[in-house]
Amino acid sequence: MHTYRIGDAAALLGVSVDTVRRLVDSEKLIAERDELGRRIIPGPALAAYARQMHRAERESTGSSARNRFSGIVTDVVLGDVSAQVEIQAGPFRVVAMVSRESAEELALEPGVPAVAVIKSTNVVVEKP
């Protein structure tokens, strides 16, 4: 079974180390002790909490796409027909090619909040 140290769990959840400690202290997230006495989070427990956290935040969008990354537009490069839009969504950088017309209609420019909605039939999963 894979386990995570508190800092690693915080990074995966996108919260602070103190938040993970509070979750463990309040027993909302299960932790164990390793052979050196450090708190570690079992992988299945972290996955269960992440699933629960996601379900609590999800709201109906009227869309079949489930992969949504809220963030801020950091760059827009307009071409003759298309536009390259870069969004920083938490620790994730999402780059999308959209039509120039769409970029202009949405008034996309650095500093504007945006949501990258991803629906794909081809997703690659890698282990770090």
Side-chain angles (χ1 to χ4, degrees):
M1 172 181 60
H2 197 86
T3 59
Y4 296 90
R5 296 188 60 188
I6 297 282
D8 296 329
L12 289 170
L13 293 175
V15 299
S16 71
V17 170
D18 287 337
T19 296
V20 174
R21 286 189 183 117
R22 282 192 295 273
L23 290 169
V24 169
D25 291 343
S26 67
E27 299 180 356
K28 292 179 181 174
L29 183 59
I30 297 168
E32 301 169 351
R33 298 274 179 182
D34 67 8
E35 62 278 354
L36 298 174
R38 297 177 296 205
R39 291 193 284 189
I40 55 173
I41 313 291
L46 185 60
Y49 182 80
R51 247 188 333 272
Q52 174 189 344
M53 186 173 82
H54 171 69
R55 285 190 182 119
E57 292 175 355
R58 186 173 40 184
E59 56 188 58
S60 176
T61 61
S63 172
S64 65
R66 295 291 181 243
N67 302 305
R68 305 173 67 81
F69 299 92
S70 297
I72 186 169
V73 174
T74 55
D75 194 23
V76 177
V77 179
L78 295 174
D80 291 336
V81 177
S82 63
Q84 178 178 308
V85 180
E86 184 175 310
I87 298 171
Q88 192 67 37
F92 305 107
R93 176 179 169 254
V94 179
V95 179
M97 294 299 293
V98 300
S99 70
R100 180 183 179 121
E101 180 180 4
S102 293
E104 289 173 343
E105 282 179 9
L106 293 169
L108 297 177
E109 61 183 33
V112 171
V115 179
V117 180
I118 301 168
K119 177 128 181 156
S120 177
T121 57
N122 182 24
V123 176
V124 177
V125 176
E126 299 178 342
K127 288 181 73 175

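Just so we're clear, the structure is a prediction, and the values are computed from it rather than from any experiment. Throughout, residue positions are numbered sequentially from 1 according to the sequence presented. Side chains are part of it too, since the values below use all heavy atoms of this structure and drop only hydrogens, waters and symmetry mates.
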Exercise for the section: Nearest 0.5 Å please: distance from the CZ atom of Arg51 over to the CG atom of Leu46. Expected result: 10.0 Å
Exercise for the section: Find out if a path of hydrophobic residues (ILVMFWY) with successive side-chain heavy-atom gaps under 4.5 Å connects Leu106 to Val77. Expected result: no
Practice task
Inspect the surroundings of CG in Leu12 and state if more than 12 heavy atoms from other residues, nucleotides or ligands are less than 6.0 Å away.
Solution key: yes
Problem - Nearest heavy-atom neighbours spanning Ala31 and Pro42 - result: CA-CD, 4.4 Å
Exercise for the section: Keeping the roles fixed (side chain from Arg100, backbone from Asp80), state whether a donor-acceptor pair exists under 3.5 Å. Expected result: no
Completion exercise
What one should report as the nearest heavy-atom pair of Ala89 and Ser70 is CB-O, 3.3 Å
Practice task
Check the hydrophobic clustering (I, L, V, M, F, W, Y; side-chain heavy atoms under 4.5 Å; chains of links allowed) and say if Ile72 and Val115 are grouped together.
Solution key: no
Handout entry: Distance (rounded to the nearest 0.5 Å) between Leu108 CG and Asp75 CG
Key = 11.5 Å
Exercise for the section: In sequence, state the C-alpha distance, the side-chain angles, and the governing distance for Gln52 and Leu29, and then conclude on side-chain contact (heavy atoms from CB on, under 4.5 Å). Expected result: CA-CA 11 Å; Gln52 174 189 344; Leu29 183 59; over 6 Å; no
Practice task
Quick one: pull up CE in Met97 and CD in Gln84 and give me the separation to the nearest 0.5 Å.
Solution key: 6.0 Å
Practice task
Please check if Tyr4 and Ile40 belong to a single hydrophobic cluster, counting links between Ile, Leu, Val, Met, Phe, Trp and Tyr side chain heavy atoms closer than 4.5 Å.
Solution key: no
Handout entry: Which atom of Ala107 lies closest to which atom of Val112, heavy atoms considered
Key = O-CG2, 3.8 Å
Practice task
Count the heavy atoms belonging to other residues, nucleotides or ligands that lie under 6.0 Å from CD of Glu105, then report whether that count exceeds 12.
Solution key: yes
Practice task
Considering only NZ, NE, NH1 and NH2 on the basic side and carboxylate oxygens on the acidic side, decide whether Asp18 and Arg21 come within less than 4.0 Å.
Solution key: yes
Problem - Within-4.5 Å side-chain heavy-atom neighbours: Asp34 and Thr3 - result: no
Handout entry: Glu35 side-chain N/O to Gly37 backbone N/O, donor-acceptor pair under 3.5 Å
Key = no
Handout entry: Within one Ile-Leu-Val-Met-Phe-Trp-Tyr cluster: Val15 and Tyr49, side-chain cutoff 4.5 Å
Key = yes
Practice task
Using the rule that two of Ile, Leu, Val, Met, Phe, Trp, Tyr join whenever any of their side-chain heavy atoms come within less than 4.5 Å, decide whether Ile30 and Leu13 are in one cluster.
Solution key: no
Exercise for the section: Give a yes or no on whether Glu101 atom CD has more than 12 heavy-atom contacts from other residues, nucleotides or ligands under 6.0 Å away. Expected result: no
Problem - Contact summary for Val24 and Arg39, nearest pair of heavy atoms - result: CG1-NH1, 3.6 Å
Exercise for the section: Decide yes or no for Arg33 and Arg38: does some side-chain heavy atom of the first lie under 4.5 Å from some side-chain heavy atom of the second? Expected result: no
Exercise for the section: Taking all non-hydrogen atoms of both residues into account, name the closest pair between Ile87 and Ala114 and its distance. Expected result: CD1-CB, 3.9 Å
Fill in the blank from the handout: Closest non-hydrogen atoms of Gly7 and Val17, given as atom of the first, atom of the second and distance, are CA-CG2, 3.9 Å
Problem - Between CD on residue Glu32 and CD1 on residue Ile41, distance to nearest 0.5 Å - result: 9.0 Å
